[in-house]
Amino acid sequence: ENLQSVSNATSIVRVWVIRLLVLLAGLGVVAQAQGFVDAFAGRAEVTGLQGTLTGSNVGATIEVDEPRHGGKSPAKSMWITFVSPATGLMSLKVDGQDFDVLLGVYRVKAGQPALLRHLERVARSDDEGDDGSASVEFAVKAGERYEIAVDGFARSEGSFQMDWQVEDLGVAVPMLLPCCCGRRGS
């Protein structure tokens, strides 16, 4: 009888732990991703209203048909897919720990397979000051996939940290015109 009670209590605790993890993941407290990858075809997915991921582009390569990140030629890019949990405005910042970051955010063109040659730019950034970071803000729609590339200026490489936050507005944000530095996109 005591063993049965312990078994039931253990099951109840497991269920509550799983529910808590699902809740935290939905709030963006827990990033759900395996991490950044070099090959576009092998990219992992991340979601959440906010979160942080770390990565490194040391030893990364360029792929055929890869777009220009931050307006510069790609060289050592790492990829991840962000699936928006809400409709609103996303703020994304990548800090290069010891290198100058290039950042590109893309969507796959409607009706096309998820291949590099079918990407259309959503936002890009090359430098956000002297610290080597890059940041963008852009409109997101719930359930849509955004392909994110982190690269290094002039083939530079190192560790980086990506932080994001989605402001859930519940309505589509109108397209923003790119400013002179290319920080804003649709």
Side-chain angles (χ1 to χ4, degrees), residues 15-55 63 65-71 77-95 101-126 128 133-151 160-179 181-186:
V15 167
W16 281 105
V17 167
I18 291 170
R19 287 180 180 172
L20 178 62
L21 288 173
V22 168
L23 173 66
L24 291 174
L27 294 174
V29 176
V30 178
Q32 300 175 337
Q34 297 170 351
F36 288 86
V37 295
D38 186 18
F40 179 78
R43 66 205 180 283
E45 290 184 6
V46 65
T47 190
L49 292 175
Q50 61 186 10
T52 298
L53 285 176
T54 58
E63 296 180 75
D65 294 326
E66 191 164 341
R68 296 168 59 88
H69 312 305
S77 56
M78 297 296 287
W79 291 91
I80 198 157
T81 297
F82 176 77
V83 180
S84 183
T87 297
L89 185 65
M90 181 170 186
S91 299
L92 176 65
K93 182 174 183 181
V94 179
D95 287 315
V101 172
L102 299 175
L103 175 60
V105 180
Y106 309 91
R107 267 192 310 249
V108 175
K109 292 178 185 170
Q112 298 295 320
L115 301 172
L116 286 167
R117 69 176 173 262
H118 298 303
L119 294 181
E120 60 185 3
R121 186 184 64 193
V122 173
R124 70 179 185 192
S125 178
D126 170 21
E128 193 54 39
S133 66
S135 65
V136 292
E137 293 179 326
F138 55 97
V140 292
K141 292 181 183 173
E144 279 201 19
R145 301 168 60 87
Y146 298 88
E147 313 306 335
I148 299 170
V150 176
D151 205 338
F160 58 87
Q161 176 175 307
M162 181 179 86
D163 297 295
W164 76 89
Q165 183 168 353
V166 175
E167 187 176 349
D168 184 355
L169 301 174
V171 296
V173 176
M175 182 174 154
L176 301 174
L177 298 175
C179 69
C181 58
R183 284 194 59 231
R184 294 191 181 264
S186 61

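- For the atom pair CE (Met90) and CD (Gln165), the distance works out to 10.0 Å, reported to the nearest 0.5 Å.
- With respect to Val105, the side-chain contact (heavy atoms from CB on, under 4.5 Å) criterion is satisfied by exactly one of Leu119, Val122, Val140: Val122.
- Scanning for side-chain hydrogen bond (donor to acceptor under 3.5 Å, both in side chains) contacts around Glu63 gives an empty result, with sequence neighbours left out.
- Here the straight-line distance linking atom CG of Leu102 with atom CZ of Arg68 works out to 10.0 Å at 0.5 Å rounding.
- Distance check, rounded to the nearest 0.5 Å: CG of Leu92 to CG of Leu103 gives 5.0 Å.
- For the side-chain contact (heavy atoms from CB on, under 4.5 Å) test, residues two or more places apart in sequence or in another chain that qualify with Ala142 are Thr87.
- The minimum heavy-atom distance between Asp95 and Lys93, with the atom names listed, is OD1-CE, 3.2 Å.
- The aromatic rings of Phe138 and Tyr146 sit tilted relative to each other, their planes meeting at an angle between 30° and 60°.
- The nearest pair of heavy atoms linking His118 to Gln112 is CE1-OE1, 2.9 Å.
- Leu116 contributes atom CG, which lies 5.0 Å from atom CZ of Phe40 (distance to the nearest 0.5 angstrom).
- Nearest heavy atoms, Asp168 versus Ala86: CG-CB, 3.5 Å.
- Under the 4.5 Å side-chain criterion, counting only non-hydrogen atoms from C-beta, Phe36 is in contact with Val150.
- Looking only at distances, no side-chain donor or acceptor of Trp164 sits under 3.5 Å from a matching main-chain atom of Thr47.
- The aromatic rings of Tyr106 and Trp79 are tilted relative to each other, their planes meeting at an angle between 30° and 60°.
- Under the rule for a side-chain hydrogen bond (donor to acceptor under 3.5 Å, both in side chains), Glu167 has no partner lying at least two apart in sequence or in another chain.
- Put simply, NZ on Lys141 and OG on Ser84 are 11.0 Å apart, with the number rounded to the nearest 0.5 Å.
- Scanning for salt bridge (charged side-chain N to carboxylate O under 4.0 Å, His left out) contacts around Glu120 gives Arg107, with sequence neighbours left out.
- With sequence neighbours excluded, the residues forming a side-chain hydrogen bond (donor to acceptor under 3.5 Å, both in side chains) with Asp163 are Thr52, Gln161, listed by chain and number.
- By the 4.5 Å heavy-atom criterion applied to side chains, Ile80 and Leu53 are counted as neighbours.
- When every heavy atom of Val136 is checked against every heavy atom of Ser125, the shortest pair comes out as CG1-CB, 3.7 Å.
- Among all heavy-atom pairs drawn from Ala44 and Gly35, the shortest one is CB-O, 3.7 Å.
- By the side-chain contact (heavy atoms from CB on, under 4.5 Å) test, Arg145 pairs with Arg43, Glu45, Thr81, Val83, Glu147, sequence neighbours left out.
- The two atoms that bring Asp151 and Ser77 nearest to each other are OD1-N, 3.5 Å, heavy atoms only.
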